[in-house]
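Taking it in order: structure first as structure tokens, then the write-up.
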There are 2 protein chains.
Amino acid sequence: MPIELTASQALGLWYGVSLNQVRMDERDLTLRQMAILLHIYLVPPPHTVRGLAAELNVTKPVITRALDTMGELGLVDRIRDERDRRNVVIKRTVGGALYLEKLGDRVREQGRRLSP
Amino acid sequence: MPIELTASQALGLWYGVSLNQVRMDERDLTLRQMAILLHIYLVPPPHTVRGLAAELNVTKPVITRALDTMGELGLVDRIRDERDRRNVVIKRTVGGALYLEKLGDRVREQGRRLSP
DNA sequence: GAAAAACGTTACGCATGCGTTCCATTTTCG
DNA sequence: CGAAAATGGAACGCATGCGTAACGTTTTTC
């Protein structure tokens, strides 16, 4: 069930959500951090640093640092993979789920406000 | 003509556009810069530093710096208001319009890819 | 006309993210 | 086993954005 948007609606939607996010300023994630967080929550696990780096086309330290930051914010969690102790498995958290739930609400709300 | 999205669709849309933007990495605007740019292009002029600061609920230097950066990228332009020379009027550019046109296309494209 | 207000900018010290490079640990392979 | 590969992280110097406070210019106010 695809969604058909006009150019004006598409930008209006992006604007509304961005503005809302900036004004509230709860936590200010980078676009990269946002993409990482969404990937973790929308794509089936498991997720590793290397996998995320390849998926987003960025270097590994970028992922490590993003996980550091978002870990402190309680949005994600890291645990070592006991089956292959070189790997780190990235886990979801309640805080992360709540954060994205609010983001989703914001997107839906802005979608509802759209004019044709 | 509002758009009704499910929670999953809303996050999927945001994810798709963010991922696309990160991968391409043409120019990496802050969420604030993005909101400022969209405001300038979607809300009728004139736009001033003070007005933008109030609208986005940020301080004036934030606007000045964002205009510096986006000015160098060719996305916006600044000219002094000759009627009241204290003011600076923020103008759109061809580059900015093209940039947002591509963003809008990305949003529409992701909207079309949505599953129910 | 002089003082006050308004506007945008600059200066400062600080925090955070970046890319490159190197490293420690663990696993794989000959 | 021992060498090679793979994984995630730390270290470094750098670039950019932030908030606060001050400034220069221009306009308004009395």
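Lettering of chains follows the sequences in order, A, B, ..., and the numbering in each one begins at 1. We use all heavy atoms of the structure for the numbers below, so side chains are in, but hydrogens, waters and symmetry mates are not. Just so we're clear, the structure is a prediction, and the values are computed from it rather than from any experiment.
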Please report, rounded to the nearest Å, how far the [atom2] atom of [N] is from the [atom1] atom of [X].
X: B/Glu72; N: D/dA15; atom1: CD; atom2: P; result: 13 Å
X: A/Met70; N: C/dT16; atom1: CE; atom2: P; result: 15 Å
X: B/Arg85; N: C/dA5; atom1: CZ; atom2: P; result: 23 Å
X: B/Ile90; N: C/dG8; atom1: CD1; atom2: P; result: 8 Å
X: A/Leu67; N: D/dG9; atom1: CG; atom2: P; result: 7 Å
X: A/Asp28; N: D/dG17; atom1: CG; atom2: P; result: 13 Å
X: B/Glu82; N: D/dT25; atom1: CD; atom2: P; result: 16 Å
X: A/Ile63; N: C/dG19; atom1: CD1; atom2: P; result: 10 Å

Problem set entry | Rounded distance [0.5 Å steps], CD in B/Gln33 versus CD1 in B/Ile63 |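 CD1 of B/Ile63 is found 10.5 Å from CD of B/Gln33.
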Exercise. Which distance, rounded to the nearest 0.5 Å, do you find between the CG of B/Leu38 and the CG of B/Leu103?
Worked result: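 Spacing of CG (B/Leu38) from CG (B/Leu103) equals 6.5 Å.
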Exercise. Got a salt bridge between A/Arg106 and A/Glu109, using NZ or NE/NH1/NH2 to carboxylate O under 4.0 Å?
Worked result: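 No, no charged N to carboxylate O under 4.0 Å.
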Strictly below 4.0 Å: does [X] bring a side-chain N or O up to OP1 or OP2 of [N]?
X: A/Thr64; N: D/dG9; answer: yes
X: B/Thr59; N: D/dG19; answer: yes
X: B/Thr69; N: D/dG17; answer: yes

What nucleotide, of [options], holds the atom closest to the side chain of [X]?
X: B/Arg32; options: D/dC18, D/dT27, D/dG9; result: D/dC18
X: B/Arg78; options: D/dG17, D/dG9, C/dT9; result: C/dT9
X: A/Arg86; options: C/dC7, D/dG8, C/dT28; result: C/dT28

With a 3.5 Å distance limit and no angle check, can you tell me whether [X] reaches the backbone of [Y] through a side-chain donor-acceptor pair?
X: A/Glu55; Y: A/Leu52; result: no
X: B/Thr93; Y: B/Leu75; result: yes
X: A/His47; Y: A/Ile90; result: no
X: A/Arg80; Y: A/Arg85; result: yes

For this session: Mind listing the residues from residues 40-57 of chain A sitting with a heavy atom below 4.0 Å of DNA chain C? Number order is fine.
Result: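 Nothing qualifies; none.
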Exercise. Which residue, A/Arg80 or A/Val62, contacts DNA chain C at a nucleotide closer to its 5' end, judged by nearest heavy atom?
Worked result: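 Mapping each residue to its closest nucleotide by heavy atoms, the 5'-most match is A/Val62.
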Problem set entry | First encountered from the 5' end of DNA chain C, between A/Asp81 and A/Lys60 |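 So the residue in question is A/Lys60.
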For this session: Name the nucleic acid region contacted by B/Arg65, choosing base, sugar-phosphate or nothing; use a 4.0 angstrom heavy-atom cut-off, strictly under.
Result: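 Base, at least one base atom sits under 4.0 Å.
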Exercise. So what does A/Gln33 touch, heavy atoms closer than 4.0 Å: a base, only the sugar-phosphate, or nothing?
Worked result: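 If one applies the 4.0 Å heavy-atom cut-off, A/Gln33 turns out to touch the sugar-phosphate alone, with no base involved.
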For this session: Please tell me which of A/Pro61 and A/Asp84 maps to the more 5' nucleotide of DNA chain D, matching each residue to the nucleotide holding its nearest heavy atom.
Result: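 Result of the comparison: A/Asp84.
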Exercise. Could you walk me through whether A/Val89 and A/Arg78 pass the side-chain contact (heavy atoms from CB on, under 4.5 Å) check?
Worked result: CA-CA 6 Å; A/Val89 180; A/Arg78 265 186 291 199; over 6 Å; no
